[in-house]
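What follows is a short report on a single structure.
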2 protein chains.
Amino acid sequence: MVLSKACTYGILASLYMAREATRSKDYISIGRMSKELNISFHFLTKILQQLTSAGILISMKGPKGGVALKRKPEEISLVDIVVAIDGMGLFTECLLGLPGCGEEKPCPVHDDWANIRAKLFHTFRGKNLAETASRIDSMNLRLSSEFPMNI
Amino acid sequence: MVLSKACTYGILASLYMAREATRSKDYISIGRMSKELNISFHFLTKILQQLTSAGILISMKGPKGGVALKRKPEEISLVDIVVAIDGMGLFTECLLGLPGCGEEKPCPVHDDWANIRAKLFHTFRGKNLAETASRIDSMNLRLSSEFPMNI
DNA sequence: TGAAAATAAGATAAACGGGTCTCAAAATAA
DNA sequence: TTATTTTGAGACCCGTTTATCTTATTTTCA
Ligand code: SF4
Ligand code: SF4
């Protein structure tokens, strides 16, 4: 898997919060999100704690508490979430797993992989939560996995 | 990690065999490969067994035995190795891990990911063992990880 | 103040990938 | 034939990821 499960959950939750942020300024409870996104509550909690300590979210305990995006959704890119949870590995690691990959002694697939890797990075970096989340509504896309499979 | 460790080992061993195949027609012992590539012998054995049962290698027991590419190195692409070990997942799975990814109800990053995914597939498919292995020699590239690291 | 609601934190367990180990089976060569 | 060399096959171990569970801690509100 390209992204860890934790990372995809983090992205889905972030998109969910970005969509909510346009409607209210309140905190969103993790329990509610975990139900709507079909993600284990405790697992999601741990993931969002990572995003909180990474400075992407702010959290508040107690009734009316929950979690919210720290910055405006337009200012948060998908790469922020990915890096906070999975680290930079995907964008820096060698495709063939050789330690110390570099330009001087590159492996046979270096050029192609470096190209794809960069494209992946720029794609994630170029997508902010606001625009991505708005597409969910306008194009009737899905966020949760409660739909039937096809292909 | 994009490719599993087993898969990268399989690719490295295949490239090694492709390089050897141009010099002799003998079987190559897994023990020798495991030493030269710095890969655990038993683990490499298991991986190459997968390639054998996938029809990519042929094997022979006993002294002078070992393993060899079944077809000519020019006719084996990297995608053959990847699919035999890791399956088609990398080229078909959803980036966000949602089951049943598809065109009808795609997730918000579908278009970009599908594009990158396709590029990845065509890159692997377009690289055959012969050409890739020959670059190892002609450009003094590396196959094993016994070299010092440099970013 | 006290009950309830929510995150924080950490222990625990299951599943998986990576890796090791042992023994069997086959082929060679003495 | 017998010893040796090799792959084949499977059990087993270990660390990480995924997931669950339990126990604080903080906040709100009656
Ligand atoms: S493609 Fe480049 S970064 Fe990846 S393993 Fe090869 S040399 Fe290293
Ligand atoms: S990008 Fe396409 S294939 Fe990947 S999860 Fe989204 S809808 Fe599915």
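Convention: sequence-line order gives letters A, B, ...; per-chain numbering from 1. Just the heavy atoms: all of them, side chains too, but no hydrogens, waters or symmetry mates, feed the values below.
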Nearest-0.5 Å distance that lies between atom NZ in B/K5 and atom CD1 in B/I85: 14.0 Å
Using the 3.5 Å cut-off, write out each protein N or O paired with an N or O of nucleotides 7-11 of chain D and the distance between them.
{"from": "D/dT7", "atom 1": "OP1", "to": "B/I30", "atom 2": "N", "distance (Å)": "2.5"}
{"from": "D/dT7", "atom 1": "O3'", "to": "B/S59", "atom 2": "OG", "distance (Å)": "3.4"}
{"from": "D/dG8", "atom 1": "OP1", "to": "B/S59", "atom 2": "OG", "distance (Å)": "2.5"}

task: Indicate whether OP1 or OP2 belonging to D/dT20 is found under 4.0 Å from a side-chain N or O atom of A/S40.
output: yes
- line: For B/R19 and B/I136, the nearest pair of non-hydrogen atoms, with its separation, is NH1-CG2, 3.3 Å
query: Quick one: on DNA chain D, does B/P63 or A/L3 contact a more 5' nucleotide (nearest heavy atom)?
result: B/P63
task: Round to the nearest Å and state the distance from A/K5 atom NZ to C/dA15 atom P.
output: 13 Å
field: Protein-nucleotide distance (B/I58, atom CD1; D/dT6, atom P), rounded to Å
entry: 17 Å
query: So which heavy atom on B/S14 is nearest to which on B/L69, and how close?
result: O-CD1, 4.3 Å
field: Rounded interatomic separation in angstrom, taking CD1 from B/I85 and P from C/dG18
entry: 11 Å
task: Taking the side chain as every heavy atom from C-beta outward, state whether A/Y16 and A/R32 have any atom pair closer than 4.5 Å.
output: yes
message: Side chains of B/V83 and B/F124, heavy atoms from C-beta outward: is any pair under 4.5 Å?
response: no
- prompt: Judged by modelled atom types alone, do B/T123 and A/D112 share a side-chain donor-acceptor pair under 3.5 Å?
  reply: no
message: Using whole Å, what does the distance between atom P of nucleotide D/dT16 and atom CE of A/M1 come to?
response: 18 Å
- request: Working to the nearest 0.5 Å, report the span between CD1 of B/I81 and CG of B/L12.
  value: 10.5 Å
query: Atom CD of A/Q50 to atom C1' of C/dA9: distance rounded to whole Å?
result: 13 Å
query: Taking atom CD1 of B/I56 and atom CG of B/L129, what is their separation to the nearest 0.5 Å?
result: 8.5 Å
Relative orientation of the end axes in the helix from C/dT1-D/dA30 to C/dA30-D/dT1, expressed as an angle to the nearest 10° (five pairs per end): 10°
field: Any side-chain heavy-atom pair of B/N128 and B/E75 under 4.5 Å
entry: no
- line: Separation of D/dT17 atom C1' from A/Y9 atom OH, nearest Å, is 11 Å
message: Can you measure A/F43 atom CZ to C/dA15 atom P for me and round it to whole angstrom units?
response: 15 Å
query: Taking atom C1' of C/dG19 as reference, at what distance in whole Å does atom CG of B/L37 sit?
result: 17 Å
